[in-house]
Chemist: 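One structure follows; several queries about it will come next.
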Amino acid sequence: MARATTTRSKITFTVVGWLCGLLLFFPILWTFLTSFKTEGDAIANPPYFLFFHWTLENYAEVQARSDYLHHFLNSVTISVGSTLIGLVIAVPAAWAMAFSPTRRTKDVLMWMLSTKMMPPVGALIPIYLIFRDWGLLDSRIGLTVVLMLINLPIIVWMLYTYFREIPGEILEAARMDGASLAKEIVYVLTPMAIPGIASTLLLNIILAWNEAFWTLNLSTSRAAPLTTFIASYSSPEGLFWAKLSAASTLAIAPILIMGWFSQKQLVRGLTFGAVK
Amino acid sequence: MGSISLSSVRKSFGTTDVIPGIDLDIEDGEFVVFVGPSGCGKSTLLRLIAGLEDTTGGQILIDGKDVTAAAPAKRGLAMVFQSYALYPHMTVYNNIAFPLKMDSQPKDVIDRKVRDAARVLNLTNYLDRRPGQLSGGQRQRVAIGRAIVRQPSAFLFDEPLSNLDAALRGTMRIEISELHQQLKTTMVYVTHDQIEAMTMADKIVVLNAGRIEQVGSPLDLYRTPANLFVAGFIGSPRMNMIEGAEAGKMQAKTIGVRPEHIRLSPTEGAWSGTVGVTEHLGSDTLLHIDADELGPITARADGEFAVRSGQRIFMTPDRARMHRFDEKGLAIR
Amino acid sequence: MATLHTRASARLMMSPAVILLFVWMIVPLAMTLYFSFLSYNLLTPGAHNFIGFTNYYYFLTDPAFLTAIGNTLLIVIGVLLITVIGGILLALVLDQPFWGQGIVRLLVIAPFFVMPTVSALVWKNMFMNPVYGLFAWIARGLGLTPVDWLADVPLFSIILIVAWQWLPFATLILLTALQSLDGEQKEAAEMDGAGAISRFFYIVLPHLSRAITVVILIQTIFLLSVFAEILVTTNGGPGIQSTNLTYLVYAQALLQFDVGGASAGGIVAVILANIVAIFLIRLIGKNLDR
């Protein structure tokens with residue numbers, strides 16, 4: 001706001017900013033720290049912050065007792081799979097809408113968005129029954145398809161907003177330069193579209209990874225991704241906080257890192273381009 | 001070779017006719033400028049020639065061959081876009097080489113042609129850079145480089161200088177003119193700036209609302225505008241248009257006289273008025289005069305012309321260089 | 001730029017996405033609608049009779065329905081209040097230059113990436129546990145009686161957890177909007193003699209209004225369907241104190257196996273969400289025209 005930021009205001013905001021940041025981040029930090037405690041230290045009162053007996057055994061235990069890796073791989077399969085399939089379907093659609101718009105393009109986009117707004121309970125019962133009858137309950141295929149469908153509108157939208165930023169004149173220049181449609185796509189469009197496709201991929205893996213309505217309702221064990229697996233810690237009132245923390249840390253770490261990388265694209269992806 | 005001929009070319013978007021029907025012949029080696037206000041259809045016309053838009057009707061011939069339905073790449077034309085349309089992910093070298101690669105020319109030929117073009121355009125030191133690292137004028141030259149390596153039968157320019165600042169625009173104008181003199185290839189150039197049209201063209205095509213108002217050399221249009229629109233559009237500052245009794249004396253609905261064809265005197269003249277704002281341009285002085293019976297009139301005097309705002313002044317138009325227009329706005333010869 | 005043959009292939013390229021989404025939207029919705037008029041319980045096999053609006057009658061007159069609607073609204077409004085106000089304040093702070101700005105930004109947005117079941121369990125156990133939780137420890141340290149959060153104030157606890165997850169979203173969007181504010185506008189206001197506070201209310205807040213609307217609408221869509229946080233922490237309880245509409249429908253369908261009744265509830269939820277969606281679609285649509 002001011003041209004010459006005074007050192008004093010900078011110090012004030014440094015303190016305030018860091019306080020806010022640490023306060024919001026604290027639950028994650030606390031989970032991370034607790035994952036290295038023994039179960040006894042984890043529930044100690046007063047709590048230990050840094051000076052406790054650091055141990056890795058929770059991580060080993062989580063894997064040994066409940067086959068953590070299996071659920072982790074389920075999460076990877078379902079989130080990456082649903083996103084990739086979604087991209088294969090969405091790229092041509094977004095492409096067409098961005099580069100060959102008709103009068104109806106806008107309506108189609110709006111309609112796609114509206115499907116995203118249907119509350120999941122409106123579809124839960126039929127989907128559950130269909131899945132039960134077709135033997136898709138607790139299957140990775142079923143979850144992949146459902147997550148692909150619920151994120152498809154976001155994928156189309158994100159790609160559309162990225163593609164629309166590629167100036168039409170560049171494609172025309174390629175056409176004038178003698179590029180065939182195939183060459184135009186390979187040499188000109190794809191290289192220019194890759195950043196957009198990459199950030200769409202990243203954001204949708206995050207969304208699919210954290211999706212907790214359909215995964216909780218449609219999976220129990222065999223195909224259960226981490227959302228369902230972690231939820232299973234809630235049923236017995238046992239105090240396995242250290243192990244819960246270890247499992248949680250593993251579940252959120254990869255996605256947190258991806259999220260940090262994609263933070264710039266996050267806003268436009270989540271607001272359908274309404275805020276950039 | 002590069003003659004282009006349009007016969008009753010039409011273009012409509014939906015129900016609106018952007019171009020109701022145009023006939024035009026462009027000779028080989030000519031520098032033709034399409035000029036007109038924005039929305040007059042000049043860019044659309046260029047894109048029809050390029051093949052970036054489908055024609056609604058009519059025929060386009062290049063070197064006598066009907067290319068109306070041919071793909072852009074098959075027409076042997078090169079285009080320089082308003083935004084330059086450089087490929088942002090390629091180096092300058094690869095940008096210029098791109099059309100040659102698409103044409104599957106051998107590597108050594110491509111290399112030689114790219115380096116030749118870069119030398120002509122002073123880009124040799126920038127070949128490894130990407131467009132994002134270049135200035136506006138350099139990008140412009142890369143776009144031109146990409147066009148010339150193909151040795152097209154004609155160049156199409158779509159308002160290529162409109163994104164440059166005034167000083168650079170002046171330089172680029174000269175560079176493009178020099179290029180034309182060197183290559184002697186047909187150039188079709190679209191602009192809304194009549195100064196660009198006047199300075200560069202062999203032949204100006206004045207367009208308005210999708211129709212050709214007049215075709216001619218810059219001086220033809222300046223000396224003998226065919227109608228009010230051309231008279232008002234060509235020449236800067238604008239021609240003074242006078243209606244009413246004064247026009248009636250010359251048996252016309254409207255008479256026009258250019259600011260530079262008015263002689264000024266503090267003591268005597270055909271018309272009189274009061275000096276309003278004066279603009280001293282150094283070489284010239286522009287006087288905005290509130291003429292007693294005629295309304296506002298702009299006159300051009302030499303740079304040293306001493307005059308004050310509010311002073312009485314007399315004007316004498318050069319009768320031989322006055323223009324007369326009838327009811328429909330057409331010139332009376 | 002489009003010529004004829006590009007236009008023809010465009011339609012072909014769009015069709016898979018359009019058809020899939022159409023099926024995904026229409027088929028389940030039609031089935032839900034159909035079930036909602038049937039007497040259909042998974043535990044009582046046999047014919048599913050058409051019973052008209054009976055399911056709706058029972059669902060809408062069930063006292064649990066009103067509680068659930070109330071809870072749904074409380075969650076939406078509570079979370080929105082916290083996230084929008086908190087988000088504006090946080091965004092204003094993050095917009096100032098200070099040391100470590102980039103790192104703080106990362107810390108602030110982190111909660112958004114935590115999966116709902118993890119955040120719910122972490123809060124439930126390590127913070128809100130009445131004996132071992134951090135809140136209990138803080139309370140005892142201040143000489144207060146620890147609160148059994150999820151038993152005594154279950155809805156408030158859930159609002160807190162959900163707000164923690166969504167505060168980063170609001171902050172990030174408002175910050176982005178804030179950074180797009182033209183600096184010259186603020187300087188012009190400063191030249192006109194506006195102080196920091198009137199600059200905020202006359203320049204900054206109006207500039208943010210669009211972003212705030214977007215935040216409210218998008219969050220509302222998601223907040224109407226809060227589910228995992230309730231399932232993992234309170235199971236809708238104690239009693240039905242923290243049951244929202246989504247959870248009520250879930251309980252009716254998958255815990256009581258009343259397909260008909262739950263479907264009626266699902267349709268009610270769809271109608272509620274649509275009211276919000278209409279506003280959102282309009283807003284985004286307007287933006288598309290520019």
Side-chain angles (χ1 to χ4, degrees), chain A residues 5 10 13-14 16-18 20-21 24-25 27-28 30-31 43 45-47 89-90 92-93 95-96 100 106 110 112 114-115 117-123 125-127 149 152 156 168 172 210 212-213 216 227 230-231 233-234 241 244 248 251-252 255-256 259-260 263 267 271-272 274-275, chain C residues 1-2 6-7 10 13-14 16-17 21 24-25 28-29 31-32 35 90 93 96-99 104 106-111 113-118 121-122 125-126 132 137 172-173 176-177 211 214 221 224-225 227-228 232 246 249 253 259 262-263 266 269-270 273 277 281 284-285 287-288:
Chain A
T5 320
K10 201 166 175 181
F13 279 111
T14 307
V16 175
W18 275 92
C20 293
L24 275 172
F25 189 69
I28 298 171
W30 193 238
T31 309
I43 57 169
N45 210 324
I89 296 168
W95 204 287
S100 181
K106 203 188 126 185
M110 283 299 139
M112 284 192 172
S114 72
T115 66
M117 288 168 197
M118 201 173 78
V121 282
I125 296 149
I127 295 297
L149 286 168
L152 190 57
V156 172
E172 290 177 350
N210 287 342
F213 181 85
L216 284 175
T227 44
I230 302 274
Y233 274 81
S234 78
W241 292 4
L244 166 67
S248 298
I252 62 178
I255 240 51
L256 186 56
W260 278 340
Q263 56 155 331
V267 173
T271 60
F272 305 98
V275 173
Chain C
M1 60 163 283
T6 55
R7 209 165 284 156
M13 288 158 81
M14 271 168 66
L21 273 176
W24 167 247
M25 184 171 86
L29 195 62
M31 285 173 77
T32 306
F35 292 155
L90 262 175
V93 170
Q96 308 298 322
F98 64 81
W99 290 293
V104 169
L106 293 183
L107 295 183
V108 167
I109 62 170
F113 302 114
V114 177
M115 57 175 65
T117 47
V118 165
L121 277 181
V122 165
N125 290 318
M126 284 140 65
Y132 303 106
W137 173 68
L172 197 57
I173 286 175
T176 310
V214 171
I221 297 289
L224 282 173
S225 307
F227 174 73
V232 170
T246 304
V249 174
V259 170
S263 297
V270 169
I281 296 265
I284 294 177
N287 188 51
L288 206 63

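Naming convention: chains lettered A, B, ... in sequence-line order (proteins, then strands); numbering from 1 in each chain. Worth knowing before you read on, the calculation uses all heavy atoms, side chains too, and leaves out hydrogens, waters and symmetry mates.
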Chemist: Can you measure from CG (C/Leu121) to CH2 (A/Trp241) and round to the nearest 0.5 angstrom?
Modeler: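 The CH2 atom of A/Trp241 is 11.5 Å from CG of C/Leu121, to the nearest 0.5 Å.
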
Chemist: Would you name the heavy atoms of A/Gly17 and C/Val93 that are closest together and state the gap between them?
Modeler: CA-CG1, 3.8 Å

Chemist: Under a 4.5 Å heavy-atom cut-off, does chain C meet the side chain of A/Ile255, its backbone, both or neither?
Modeler: both

Chemist: Under a 4.5 Å heavy-atom cut-off, does chain A meet the side chain of C/Leu90, its backbone, both or neither?
Modeler: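 For C/Leu90, the side chain is the part near chain A, not the backbone.
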
Chemist: Answer yes or no: is there a side-chain heavy-atom contact under 4.5 Å between C/Thr246 and A/Phe213?
Modeler: yes

Chemist: Tell me, for A/Leu244 versus chain C, whether the close heavy atoms (under 4.5 Å) come from the side chain, the backbone, both or neither.
Modeler: side chain

Chemist: Does A/Trp260 use its side chain to pair, donor to acceptor, with the backbone of C/Leu106 at less than 3.5 Å?
Modeler: yes

Chemist: Quick one: closest heavy-atom pair of A/Met112 and C/Ala17, and the distance?
Modeler: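 So the two residues come closest at CE-CB, 4.0 Å.
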
Chemist: So for A/Leu216, is it side chain, backbone, both, or neither that comes closer than 4.5 Å to the heavy atoms of chain C?
Modeler: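 Contact with chain C is through the side chain of A/Leu216 alone.
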
Chemist: Name the region of C/Ala253, side chain, backbone, both or neither, that has any atom closer than 4.5 Å to a heavy atom of chain A.
Modeler: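 Just its side chain gets close to chain A.
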
Chemist: Excluding sequence neighbours, so at least two apart, what forms ring pair (Phe, Tyr, Trp, His ring centres under 6.0 Å) with A/Phe25?
Modeler: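 A/Phe25 satisfies ring pair (Phe, Tyr, Trp, His ring centres under 6.0 Å) with no other residue.
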
Chemist: Check the pair A/Met118 / C/Leu29 against side chain to side chain contact (heavy atoms under 4.5 Å, CB included), numbers first and verdict last.
Modeler: CA-CA 9 Å; A/Met118 201 173 78; C/Leu29 195 62; 3.8 Å; yes

Chemist: Locate the shortest heavy-atom distance separating A/Ile127 from C/Pro28; write the atom from each residue and the value.
Modeler: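 Smallest heavy-atom distance, with atoms named: CD1-CG, 3.9 Å.
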
